[in-house]
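Data block below; observations after.
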Amino acid sequence: MNNNDKPSYCQSNHYFDYRIIAQDGNARAGEFCTPHGILQTPVFAPVGTQATVKAITPAHLEELGATLVLSNTYHLFLRPGDELVAKMDGLHEFMQWHKPMLTDSGGFQVFSLANMRKVDEDGVTFKSHIDGSMKRLTPESSIKIQENLGADIIMAFDECSDPNNRVYVEQAMERTHRWAQRCLEAKTREDQALFGIVQGGIFDDLREQSARAISSMGFPGHAIGGLSVGETKAEMYHTLEVVNAILPAEKPRYLMGVGTPEDLIEGVLRGIDIFDCVLPTRLARHNSAMTMSGRLNLMNATFAEDQRPIDEHCTCYTCRTFSRAYLRHLIVAKEMLAATLLSIHNLHTLLQLARDLRQAILEGRLQAFADEAMAQLNIPRTPER
RNA sequence: GGACGGUUACCCAAGUGGACAACGGGGGCUGACUGUAAAUCAGCUGGCUGGCGCCUUCGGAGGUUCGAAUCCUUCACCGUCCA
């Protein structure tokens, strides 16, 4: 992205202003200015944990119209090491992705590496999944690592928890608040936006408390963490309403780790601007195609002689070019191109949905769009309360 | 012509009197996956049934035994060796 693409408010290094261009109910279409370009929201971010979106080249991502890619502190800290990435001129150069990038803080790994971690007030001790050695992350070291990596948006080091265990959720939430403050204090770079993360499980009062605490700290953007980890959809959607009623409307809201087409729709309706999820690329590697009318397991025998594309309405490279029969053949033959072609398709589905949602907001027809899309997905709408 | 060895489910293969509808692998079928310890994981794979269960299977036929994939006889086919 060159300077000519930047709006005036972005050219004077006023990074991380969020400009809301249109609103439709609680939903918004906006622009978030970063050193590597403008994010037009709502936006979906493909996940590239280890400095790569699995099976996908940066050129593919460009063609798909991706504008934000997520990478991970924990993984890059372990391998190849954040200092090496810094020596290689930072993550953008290293992986050759020149648009906005976001790094997660490693907090989620505390949660997902459940039996290999020990949390204390100062930080977390992990057992490396690579070589079994003990490693440590603290709010300060997470920020240091993320500064070495050099993403445009970096995340506060938080503690995710089982959403149903109130005692633990409350403890983890309070610690997340203290760690958020420490992250702010540890931060030194001006060209990175640090987002705070709201926790609190599925408990309204805790979520409200967390949203107030985090939004009082002056972050340029806010994330909602600890969702899509086992709670019901209804609980998740309701939690979004509770939290977004408190998070300031003039700053971007990022729903971490979500998701599915229906979650993007329901999330945008409730005021979410940024999503990320491994689902499209993981499902692709597991032979499942995401479409706006549901999932297709392309390994199924029923597709063996099916000459149609995955989705006749889809404009992605895979659908323009290949039949279901061919994709099934690649899968059955364990050819790695299957993962690439399905990843392209699945990412296209979510990236296009985010663009369509944005367009619907700009044109003031989001409700109708959402109703129609959910009907096509054959999923009942969850009305906002 | 003779001497051994072999023949088990879609394929390979274990089993050598009862716990065997038969280990294991491959293949096949199906399902799961939401800030990636995930190109992973789980289930099914003789027939009928929702299940209990019943029925038919270990090259063919016959036999021994309360009971046979397993022991005996014989036939067929495959392999190696000797004539």
Side-chain angles (χ1 to χ4, degrees), chain A residues 44-56 68-76 78-79 102-117 126-133 135 142 146 151 153-161 163 176 195-199 222-233 236-237 254-264 266-267 272 274-290 295-304 328 330-343 346 350:
Chain A
F44 175 79
V47 175
T49 302
Q50 304 201 74
T52 168
V53 178
K54 293 184 193 295
I56 294 285
L68 176 67
V69 167
L70 179 145
S71 202
N72 194 285
T73 295
Y74 169 77
H75 296 263
L76 296 178
L78 293 184
R79 182 174 57 192
L102 182 155
T103 46
D104 190 18
S105 62
F108 187 70
Q109 274 61 44
V110 176
F111 173 70
S112 66
L113 301 170
N115 51 357
M116 290 167 43
R117 59 133 200 257
F126 294 95
K127 191 163 186 165
S128 160
H129 70 276
I130 297 168
D131 64 4
S133 62
K135 301 283 179 185
S142 175
Q146 294 189 77
I153 301 172
I154 65 177
M155 300 305 299
F157 190 62
D158 66 331
E159 184 178 1
C160 194
S161 54
T176 291
F195 281 25
I197 304 177
V198 174
Q199 288 289 347
H222 302 108
I224 303 170
L227 288 177
S228 66
V229 289
E231 79 288 351
T232 67
K233 297 245 185 211
M236 174 166 92
Y237 300 151
Y254 165 29
L255 175 55
M256 305 188 76
V258 170
T260 63
E262 62 270 25
D263 289 346
L264 257 63
E266 297 287 2
I272 299 296
I274 303 171
F275 303 84
D276 80 277
C277 196
V278 305
L279 207 53
T281 45
R282 180 182 292 169
L283 286 180
R285 293 192 306 285
H286 297 172
N287 314 317
S288 195
M290 304 172 86
R295 287 183 202 173
L296 241 49
N297 183 347
L298 282 168
M299 193 159 62
N300 288 0
T302 173
F303 300 123
R328 175 179 140 84
L330 293 180
I331 290 164
V332 169
K334 297 182 168 44
E335 282 292 340
M336 62 175 119
L337 183 60
T340 297
L341 295 179
L342 278 178
S343 294
N346 286 352
L350 292 186

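Lettering follows sequence order; numbering is per chain, from 1.
- A distance of about 14 Å separates the C1' atoms of A69(B) and C23(B), rounded to the whole Å.
- When distances are taken from the side chain of K334(A) to each of C29(B), G27(B), U34(B), the shortest belongs to G27(B).
- Between T103(A) and M155(A) there is no side-chain heavy-atom pair separated by less than 4.5 Å.
- Considering only side-chain atoms of M256(A), the nucleotide from C33(B), G35(B), A37(B) that sits closest is G35(B).
- A donor-acceptor contact under 3.5 Å links the side chain of D158(A) to the base of G35(B).
- Figure legend. C54(B) is base-paired to G47(B); pairs are counted as Watson-Crick or G-U wobble with both atom distances under 3.5 Å.
- If you check every strand for non-hydrogen atoms under 4.0 Å, Q109(A) touches sugar and phosphate atoms only.
- No engagement by K127(A) is indicated, since no non-hydrogen atom pair under 4.0 Å with the nucleic acid exists.
- Distance noted for atom C1' between C54(B) and U49(B): 9 Å (whole Å).
- Checking A39(B), G35(B), C33(B) against every side-chain atom of D276(A), the shortest atom distance belongs to G35(B).
- Rounded to whole Å, the C1' atom of C10(B) lies 15 Å from the corresponding atom of C44(B).
- U56(B) and A22(B) have their C1' atoms separated by 14 Å, given to the nearest Å.
- Rounded to an integer number of Å, the gap from L330(A) CG to A39(B) C1' is 13 Å.
- Spacing of P atoms, A9(B) relative to A61(B), comes out at 15 Å, to the nearest Å.
- Base contact: I197(A) has a heavy atom under 4.0 Å from a base atom.
- In this structure, a donor-acceptor pair under 3.5 Å is absent between the side chains of N72(A) and Q50(A).
- Distances from the side chain of M116(A) to the nucleotides A37(B), A39(B), U34(B) place A37(B) closest.
- Under the Watson-Crick or G-U wobble criterion, with both distances below 3.5 Å, G5(B) is paired with C78(B).
- Residues F108(A) and V229(A) come closest through the heavy atom pair CE1-CG1, 4.0 Å.
- Residues passing the salt bridge (Lys or Arg N to Asp or Glu O under 4.0 Å) test with E262(A) are K233(A), sequence neighbours excluded.
- For U36(B), there is no paired base (Watson-Crick or G-U wobble, both distances below 3.5 Å).
- Take the nearest nucleotide of RNA chain B for T49(A) and for V332(A): the residue whose nucleotide is more 5' is V332(A).
- With a 4.5 Å cut-off on side-chain heavy atoms, P46(A) and I56(A) do not count as touching.
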Between protein and nucleic acid, restricted to nucleotides 9-11 of chain B and to nitrogen or oxygen atoms under 3.5 Å apart, what atom pairs and distances do you find?
none

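- Using a 4.0 Å heavy-atom cutoff across all strands shown, G107(A) reaches no nucleic acid atom at all.
- Of all nucleotides present, none satisfies the Watson-Crick or G-U wobble test against G17(B) with each distance under 3.5 Å.
- Here the nucleotide nearest the side chain of H75(A), chosen from U34(B), U36(B), G31(B), is U36(B).
- Distance, D263(A) CG to C33(B) C1': 13 Å, rounded to whole Å.
- Within the nucleic acid shown, Q199(A) comes within 4.0 Å of at least one base atom, counting heavy atoms only.
- When both distances must be under 3.5 Å, the Watson-Crick or G-U wobble mate of C71(B) is G63(B).
- Side chain of D104(A), nearest nucleotide from G35(B), U30(B), U34(B): G35(B).
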Can you name the atoms? Protein N/O to nucleotides 40-47 of chain B N/O, anything below 3.5 Å, with the distance.
| residue | atom | partner | partner atom | Å |
| --- | --- | --- | --- | --- |
| U40(B) | N1 | H286(A) | NE2 | 3.4 |

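- Residues R328(A) and M336(A) both approach RNA chain B. Their nearest nucleotides, taken by heavy-atom distance, put R328(A) toward the 5′ side.
- Comparing G35(B), U30(B), G28(B) against the side chain of S105(A) picks out G35(B) as the nearest.
- Within the 4.0 angstrom heavy-atom criterion, only backbone atoms of the sugar-phosphate kind lie near L70(A); the bases stay farther away.
- The base of U36(B) sits within donor-acceptor range of the side chain of T281(A), with an N or O pair under 3.5 Å.
- Taking F126(A) as the reference, Y74(A) meet the ring pair (Phe, Tyr, Trp, His ring centres under 6.0 Å) condition, with sequence neighbours excluded.
- Qualifying ring pair (Phe, Tyr, Trp, His ring centres under 6.0 Å) partners for H75(A), counting only residues two or more places apart in sequence or in other chains: H129(A).
- The P atoms of C75(B) and G25(B) are separated by 40 Å, rounded to the nearest whole Å.
- Considering only residues two or more places apart in sequence or on other chains, E159(A) meets the salt bridge (Lys or Arg N to Asp or Glu O under 4.0 Å) condition with R175(A).
- If you check every strand for non-hydrogen atoms under 4.0 Å, A301(A) touches sugar and phosphate atoms only.
- Across all strands shown, C41(B) forms a Watson-Crick or G-U wobble pair with G31(B), both key distances being under 3.5 Å.
- One P atom belongs to U70(B), the other to G62(B), and the distance between them is 14 Å to the nearest Å.
- Evaluation of the side-chain hydrogen bond (donor to acceptor under 3.5 Å, both in side chains) rule for S112(A) yields no partner, not counting sequence neighbours.
- Rounded to a whole angstrom, the distance from the P atom of U45(B) to that of G24(B) is 12 Å.
- Under the side chain to side chain contact (heavy atoms under 4.5 Å, CB included) criterion, V47(A) pairs with T49(A), L70(A), D276(A), V278(A), not counting sequence neighbours.
- For Y254(A), there are no ring pair (Phe, Tyr, Trp, His ring centres under 6.0 Å) partners at least two apart in sequence or on another chain.
- Put simply, the side chain of L102(A) reaches to within 4.5 Å of the side chain of L68(A), judged on heavy atoms.
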